[in-house]
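Contents: one structure, followed by commentary.
As the structure lists them, so they are numbered: ligands from 1, and atoms in each ligand from 1.
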Amino acid sequence: MGLRIGVLTAGGDCPGLNAVIRGVVRTANSCYDATVVGFQDGWNGLVNNLRVQLYDNESIDKILGQGGTILGTGRMNPYELESRLDDIKATLADNEIDAVIPIGGDGTLRGGRWLMENGINVVGVPKTIDNDVANTDYTFGFDTAVSIATDAIDRLHTTAESHQRVMLVEVMGRNAGWIALQAGMAGGAHMVVIPEVPFDVNHIAKLMERRFQMGESYAICVVAEGALPKEGTMEMRSGGIDKFGHEIYTGVAQQLGDELRSRLNDRDIRTTVLGHIQRGGTPTAFDRVLGTRFGVNAVHAVAEGDFGKVVAVRNDRIERISLDDAVGHSKKVPMDRYKEMEALFG
Ligand code: F6P
């Protein structure tokens, strides 16, 4: 019997997931005569045997530029996942699966590592619009998110200028400020606030003030959702932790705006939270290509029996890194990249 590969998408969705799925199915079928079984709604599909056979046909071909994931996605608490090992093994036996390709971010790849530790063959594909998976230059979805955020910032310039306002734009980025940095630079923001550099509201106010004293009438500040104030400078509301262990955010841009207002003589300040718009819709050409390359190369790794790996891109080459190297630490914005942006502040 030919090779049988299981594939699932877990965690938050991300433009380019369908490009990966298509890359997996086409490569498996045409290079190895292998069968691909998709598991639905993330780990849930593997635990509860919710499956769909994926064929290399016209409908798979059409998903390349489609947003979201045709398999559906979902999150599962790691403790719950680990309590369902027997169910997962039963699903894999029932479908005669030789290896699983989980497509996801840090939590999903940790799940993949746990499967490997329990005797299940895994090759992971890294995914997150935040671009913070370690040891890969890029993850797909990031480029699309940056394009969407840049377009939003472009649009905010004209309305901000018309009303002489300060506009705060909150973008995604829990642990790393890649989207804020790239979109801020591409969109000509006057200030960027990222999780890597705790902010000081007085310093931001001074930069804005200096800008207005020089005759400028408006300002745009991009804020990553995970940004935090320097200790002792500003109180932030706490939102607690969700059932997956993620911090619940309380709107850093809005709170920063409230603090700035009094420091800027009650100037008009508005906040825009881009939220899930950054994750929706069709992927850019870059993300389609990266997703496709990840899908193709994940299947090659499976066919070669090179398990316990994650496909990654480094200097435009697809490499295989260990699951250990991909999880547990997020890839931060390096200080030299931040300093380049900082030179444009104000
Ligand atoms: O990790 C990717 C991400 O898009 C984060 O930037 C964001 O905080 C989170 O997912 C949102 O997830 P959810 O879909 O659960 O709201």
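- Arg174 meets the salt bridge (Lys or Arg N to Asp or Glu O under 4.0 Å) test with no other residue; sequence neighbours excluded.
- Close approach of ligand 1 to Gly173 is summarised as follows: ligand atoms under 4.0 Å from at least one heavy atom of the residue are 6 (O).
- Heavy-atom contacts of Arg75 reach the following atoms of ligand 1: 10 (O), 12 (O), 13 (P), 14 (O), 15 (O) (cutoff under 4.0 Å).
- In the vicinity of Arg279, heavy-atom distances shorter than 4.0 Å reach the ligand 1 atoms 3 (C), 4 (O), 9 (C), 10 (O), 11 (C), 12 (O), 13 (P), 14 (O).
- For the side chain to side chain contact (heavy atoms under 4.5 Å, CB included) criterion with Pro126, the lone passing option out of Ile103, Asp106, Ile321, Leu109 is Leu109.
- Taking the six-membered ring for Trp and thresholds of 30 and 60 degrees, His246 and Phe244 have ring planes inclined between 30 and 60 degrees apart.
- For atom 16 (O) of ligand 1, the closest non-hydrogen atom of the protein is His276 NE2, 2.8 Å.
- Asp130 OD2, 3.5 Å is the protein heavy atom nearest to atom 1 (O) of ligand 1.
- Scanning the protein for heavy atoms near atom 7 (C) of ligand 1, the closest one is Glu225 OE2, 3.3 Å.
- Between Arg317 and Asp137, no side-chain nitrogen of the basic residue sits less than 4.0 Å from a carboxylate oxygen of the acidic one, so the salt-bridge criterion is not met.
- In this structure, Arg211 forms no cation-pi arrangement with Phe345, as its terminal cationic atom is not both closer than 6.0 Å to the ring centre and no more than 45° off the ring axis.
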